[in-house]
S.K.: 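One structure follows; several queries about it will come next.
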Amino acid sequence: MKTQTAKRPAAPPRRPPAKLWQLRLYVAGQSLRSRTALANLKAICESHLPGQYSILVIDLLKQPQLAKGDQILAVPTVVRQLPKPVRILIGTLSNTDCALVGLDLRAAG
Amino acid sequence: MTKKRPIIPPAPRSALLPKCPTGIQGLDEITGGGLPRSRPTLVCGGAGCGKTLLAAEFLVRGAVQFHEPGVLMAFEETAGELNANVASLGFDLAGLVRRKKILVDYVHIEPGEIQESGDYDLEGLFVRINHAIDSIGAKRVVLDTLEALFSGLRNEAILRAELRRLFRWLKAKGVTAVITAERGREQLTRHGLEEYVSDCVILLDHRVNDQIATRHMRVVKYRGAMHGTNEFPFLIGENGLSVLPITSLALNHQVSNERIATGIPRLDAMLGGRGFFRGSSILLTGTPGTGKTIISANFAHAAARRGERVLFFSFEESPNQIIRNLHSIGLHLEPLVKRGLLRFHSARPSLYGLEMHLATMFKEIAEFQPHVVIVDPITSLMDAGTDSECKGMITRLIDYLKGGQVTTLFTSLTQGGHVLAQSEAAMSSLMDSWILLQDFQGNGERNRVLYVLKARGMAHSNQVREFLISDRGIDVVDAYIGTSGVLTGSARAAQESLEKAAVLASQQEAAQLEREVERKHAALERQIAAMRSDYETEAAELRRIADQVGTRTIVLGTDRAASGRLRQADIKAPTSPQVSPRNRKLPA
């Protein structure tokens, strides 16, 4: 994780600064896995996209009908709504390398 | 020391594994009532065996026939594709979806699209299935094809654990589930799903024999229930799947005592005088050119003339060709076709597989509701399958037709030389009557003979008859049986003219004797007449003489008196009275 933060200065010039990242996190209940995923996602966003992201947490146990829209099978799932194209990342995001590839935050490197 | 052994009470009906009827023709028969209720069933098979159709029919029939709503989780096909696919089987999936009887949820998985990081589970899928079930109160669930998950998710350990949990969860949820899976190389499914679904496993198979593809179904496993373990052919027709469970057919048809004429009076006479039983199956065997089609067409013609509907399956000739050919022997079939009493169905045997032929025939029969069905010839169909398949098919067909009291005539082509082929001997056990046509060769000609080999339930002739085909139709005549065997054709004709000559000769002799008698009688009459005229002549002569004698006596007396007076002598008066000669009677 530390190695990734070193790349932070290189990232901003690549992206237009006004761009807002819209992320959705699908979970099923407030399990340990759900909490871990949210914490990991927040940490990644804070370190890579400070101030230009929003996270919407959707609990499928409360809103099961929303699972269909984003074709959710596994939880936790992160769906990158914006910027396009839509990207899907599943898991607790404990493996940051994979998470960054999944969210397309490492492509610059 | 007789200890009373404890009797194990039979399990009450309710304690048996509850079954969930599929409504699929034949499948409920081989599973003894359907799939295990509230348990998952695995349907596996290679590409194009009809897994999805089986699953979809299970849902549709559940919703329509058993009022059990169903959920279809489609992993491979979109709702639109599914609608189109099952519509080809006559199911209105879209309509059922609108009426909330079925819910189709398309689960899209794009291989390689999903990145993974860290731990996860498939709770999202569970939530979706659960939501779908609860929203329409589903009792049936289909997951088609669950293995698509393996292409989307890379962590197989998680996937397997979650699948195990999914099946347990489905059971706990109380839904009857059908899970489809691709056939694997060494195991039943590519990803070993059979490990998780252990209650019922159905294997579908689509294989090609002699260039003809046939689908088969086998219940590999059915925990806690009796089931047919054989491999059953099944087909996908216009009304969905139908499994053909030959071995489970029962023999309990209604029988009829009604008899129907064959259209050939002499043949009726050979069959106890009144023809075949209604609803019986008849086999007409013969070598090429012995007149099988003609006899069957005669039968068809006679039935249609009585106002019965006749369905003629022809696997050799086109309808027009049959009509034209039979025209030449004085059978006019086209008016019967026009009146809707006779229908032809022609198809090349190699057009499709045996099951498809059977399905087509069933469909035609169900549509036309015939009284008489003719299959000409059944042997052509044998090329479309193996012997056992064919026998199974014929059993199925006969069973179906007997159930509907339809009289069926099968013709069977035997190869020259060997009269009874093996397959026919096997087939004959299914038949109630068997008529054999044969040709006799000799004296430089070939003649047709016919005899009744068997006719169940009626006294029938044991005679060999010759039958002639002329432009006036079929004529069955007695064949002569002489010292040198059966005489047919010109030999029979020669024998006939010999007999005719003999009859003529004796007739002539009798006439001559008659004439002789007449002549003698006439001679006698003549003699009598001559004698009578002789006598008449003689009698007349005698009378004349007698008259003369009388006259002379009177004259003598008178003369004597006169001479006495002349001589003055006293004359004694005559003492005897005078009798007139006319009054004297002559002896007859």
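Not measured: the values here are computed from a predicted model. Sequence lines set the chain letters: A, B, ... in the order given, protein chains first and strands last, and positions in each chain run from 1. No hydrogens, no waters, no symmetry mates; every other heavy atom, side chains included, goes into these values.
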S.K.: Closest approach of Gln187(B) and Thr189(B), non-hydrogen atoms and distance?
M.R.: CG-O, 3.0 Å
S.K.: Relative to Phe66(B), does Lys139(B) satisfy both conditions: NZ or CZ under 6.0 angstrom from the six-membered ring centre, and within 45 degrees of the ring's axis?
M.R.: no
S.K.: Which atom names give the shortest non-hydrogen contact between Leu66(A) and Leu60(A), and what distance separates them?
M.R.: C-CD2, 4.2 Å
S.K.: State whether Phe126(B) and Arg165(B) meet the cation-pi test: NZ (Lys) or CZ (Arg) under 6.0 Å from the six-membered ring centroid, and within 45° of the perpendicular axis.
M.R.: yes
S.K.: Can you tell me which of Ser135(B), Ser117(B), Gly152(B) forms the most heavy-atom pairs within a distance under 4.5 Å of chain A?
M.R.: Ser117(B)
S.K.: Sort out for me which of Leu89(A), Ile72(A), Asn95(A), Ile90(A) touches chain B most, counting heavy-atom pairs under 4.5 Å.
M.R.: Ile90(A)
S.K.: Is Ile158(B) in contact with chain A via its backbone, its side chain, both, or neither, using a 4.5 Å heavy-atom distance?
M.R.: neither
S.K.: Give, as side chain, backbone, both or neither, the part of Ile129(B) having an atom under 4.5 angstrom from any heavy atom of chain A.
M.R.: neither
